[in-house]
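I have placed the structure first, in the form of structure tokens, so that the comments after it can refer back to it.
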Amino acid sequence: MLVFKQKEGFLSARIVETEAYLGSQDPASHAYRGVTPRNRVMFGSPGRSYVYFTYGNHHCLNVVTEEEGTPGAVLIRAVEPISGIEMMTKRRGQDKLEALTNGPGKLTQAFGITREHSGIDLTSGPFYMAEENSKKWIPIRATKRIGITQAVDLPFRFFWLGNKFVSVT
DNA sequence: TCAATGATGGGCT
DNA sequence: GCCCATCATTGAC
């Protein structure tokens with residue numbers, strides 16, 4: 001679960017689609033060519049957010065995964081809204097539930113996540129991730145990553161097959 | 001339903 | 001100066 005307690009309201013959502021990015025072995029990764037001011041949190045301690053601005057319009061949220069000194073992150077590609085749907089709808093200018101957070105740029109807009117939220121420890125609040133209290137396990141499928149031009153064949157895109165909105169292709 | 005396209009601005013070669 | 005881990009809109013079918 002992705003959770004963000006804000007003064008405007010309590011937001012939470014189930015993470016249903018992700019993509020993994022490595023470091024020096026992955027040409028599609030921001031960390032491929034070494035440390036820069038933008039990507040430096042990817043080289044830091046795990047469990048922190050890495051948020052970047054792209055295409056002149058959008059922010060994308062990642063979680064740093066590897067131990068300090070080794071770059072690696074997981075891009076959050078889609079979530080299913082649980083709480084704070086009214087706030088998400090307002091921010092997105094979009095009232096179709098399926099279109100609220102079914103893309104990496106959409107979910108950051110719905111949650112109000114920007115570069116200011118990069119480098120934050122996600123293991124404690126108010127901006128954090130938590131395990132869902134669910135009894136039911138539904139499998140995950142891996143496919144090729146999308147929206148990239150390098151290393152296009154690595155099967156690092158992961159879907160939760162119980163999701164309602166994102167089609168597995 | 002799907003492919004093509006313009007908007008838009010920061011990051012890096 | 002070119003690239004880009006995107007989105008909403010447009011127009012063809």
Side-chain angles (χ1 to χ4, degrees), chain A residues 1-2 4 11 13-67 70-81 84-120 122 127 129 140-161 163-169:
Chain A
M1 299 287 290
L2 178 65
F4 201 169
L11 304 179
R14 175 186 296 122
I15 297 167
V16 297
E17 183 190 351
T18 63
E19 278 180 355
Y21 287 86
L22 308 177
S24 58
Q25 309 302 311
D26 185 357
S29 172
H30 287 177
Y32 183 58
R33 296 169 199 282
V35 190
T36 68
R38 178 177 64 157
N39 69 19
R40 69 186 154 76
V41 311
M42 278 185 77
F43 292 78
S45 51
R48 306 186 87 91
S49 58
Y50 167 48
V51 181
Y52 65 89
F53 182 69
T54 192
Y55 290 110
N57 291 297
H58 304 288
H59 295 272
C60 291
L61 170 66
N62 298 252
V63 184
V64 177
T65 52
E66 305 306 306
E67 63 186 21
T70 304
V74 169
L75 169 68
I76 309 302
R77 285 202 60 88
V79 301
E80 285 181 3
I85 291 174
E86 193 173 331
M87 175 59 56
M88 297 183 194
T89 300
K90 184 178 168 188
R91 286 176 171 157
R92 292 274 299 117
Q94 167 71 259
D95 55 5
K96 282 188 69 181
L97 189 61
E98 318 88 73
L100 227 44
T101 57
N102 64 338
K106 298 180 189 181
L107 70 93
T108 53
Q109 185 182 29
F111 270 75
I113 296 167
T114 69
R115 276 168 296 184
E116 294 173 15
H117 304 105
S118 195
I120 291 175
L122 294 170
F127 178 37
M129 287 187 185
I140 283 170
R141 180 173 301 163
T143 68
K144 295 175 183 178
R145 296 178 293 187
I146 62 172
I148 57 172
T149 56
Q150 303 292 316
V152 294
D153 290 332
L154 293 175
F156 285 171
R157 183 186 187 195
F158 302 98
F159 294 89
W160 183 58
L161 294 180
N163 91 80
K164 302 185 188 84
F165 305 140
V166 183
S167 60
V168 181
T169 51

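The structure displayed is predicted, hence computed values, not measured ones. The figures that follow rest on heavy atoms only: side chains count, while hydrogens, waters and symmetry mates do not. Here is how names work: the chains are called A, B, and so on, in the same order as the sequence lines, proteins then strands, and each is numbered from 1.
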Classify the nucleic acid contact of A/Arg33 as base, sugar-phosphate or nothing, counting any heavy atom under 4.0 Å across all strands shown.
-> sugar-phosphate

Flag, side chain of A/Thr89 to backbone of A/Asp95, donor-acceptor distance under 3.5 Å | no

Looking at A/Arg92, A/His59, A/Arg91, which hits side-chain hydrogen bond (donor to acceptor under 3.5 Å, both in side chains) with A/Gln109?
-> A/Arg92

Under a 4.0 Å heavy-atom criterion, DNA chain C is touched by chain A from C/dC4 to C/dA8

State, with a plain yes or no, whether a side-chain heavy atom of A/Leu154 is found less than 4.5 Å away from one of A/Arg145.
-> yes

For A/Arg92, report the nucleic acid contact type (base, sugar-phosphate, nothing); a contact means any heavy atom under 4.0 Å.
-> sugar-phosphate

Quick one: label A/Gly105 by what it contacts on the DNA or RNA (base, sugar-phosphate, nothing), any heavy atom closer than 4.0 Å.
-> sugar-phosphate

NA contact type, A/Ile148, heavy-atom cut-off 4.0 Å: base, sugar-phosphate, or nothing?
-> sugar-phosphate

The answer to which of A/Tyr21 and A/Ala99 contacts DNA chain C further toward the 5' end, by nearest nucleotide, is A/Tyr21

Approximate separation, where rounding is to 0.5 Å, of A/Met129 CE and A/Ile76 CD1 = 4.0 Å

Distance-only, no hydrogens or angles: does the A/Asn102 side chain make a donor-acceptor pair with backbone N or O of A/Phe165 under 3.5 Å?
-> no

Flag, side chain of A/Asn39 to backbone of A/Gly34, donor-acceptor distance under 3.5 Å = yes

Paired runs of 3 or more consecutive Watson-Crick or G-U pairs involving DNA chain B, with both pairing distances under 3.5 Å, are B:1-7 with C:6-12, B:9-12 with C:1-4

Measure the shortest side-chain to side-chain distance between A/Phe159 and A/Glu17 over non-hydrogen atoms and say whether it is less than 4.5 angstrom.
-> yes

Donor-acceptor under 3.5 Å (A/Ser29 side chain, A/Tyr21 main chain) | no

Do the ring planes of A/Tyr52 and A/Tyr50 sit parallel (below 30°), tilted (30 to 60°) or perpendicular (above 60°)?
-> tilted

Here the gap from A/Ile140 atom CD1 to A/Phe158 atom CZ, rounded to the nearest 0.5 Å, amounts to 8.0 Å

Any chance CD of A/Gln25 has more than 12 other-residue heavy atoms, nucleotides or ligands included, within less than 6.0 Å?
-> no

Mind checking which nucleotides bracket the chain A contacts on DNA chain B, 5' to 3', with an atom under 4.0 Å from a heavy atom?
-> B/dA7 to B/dT13

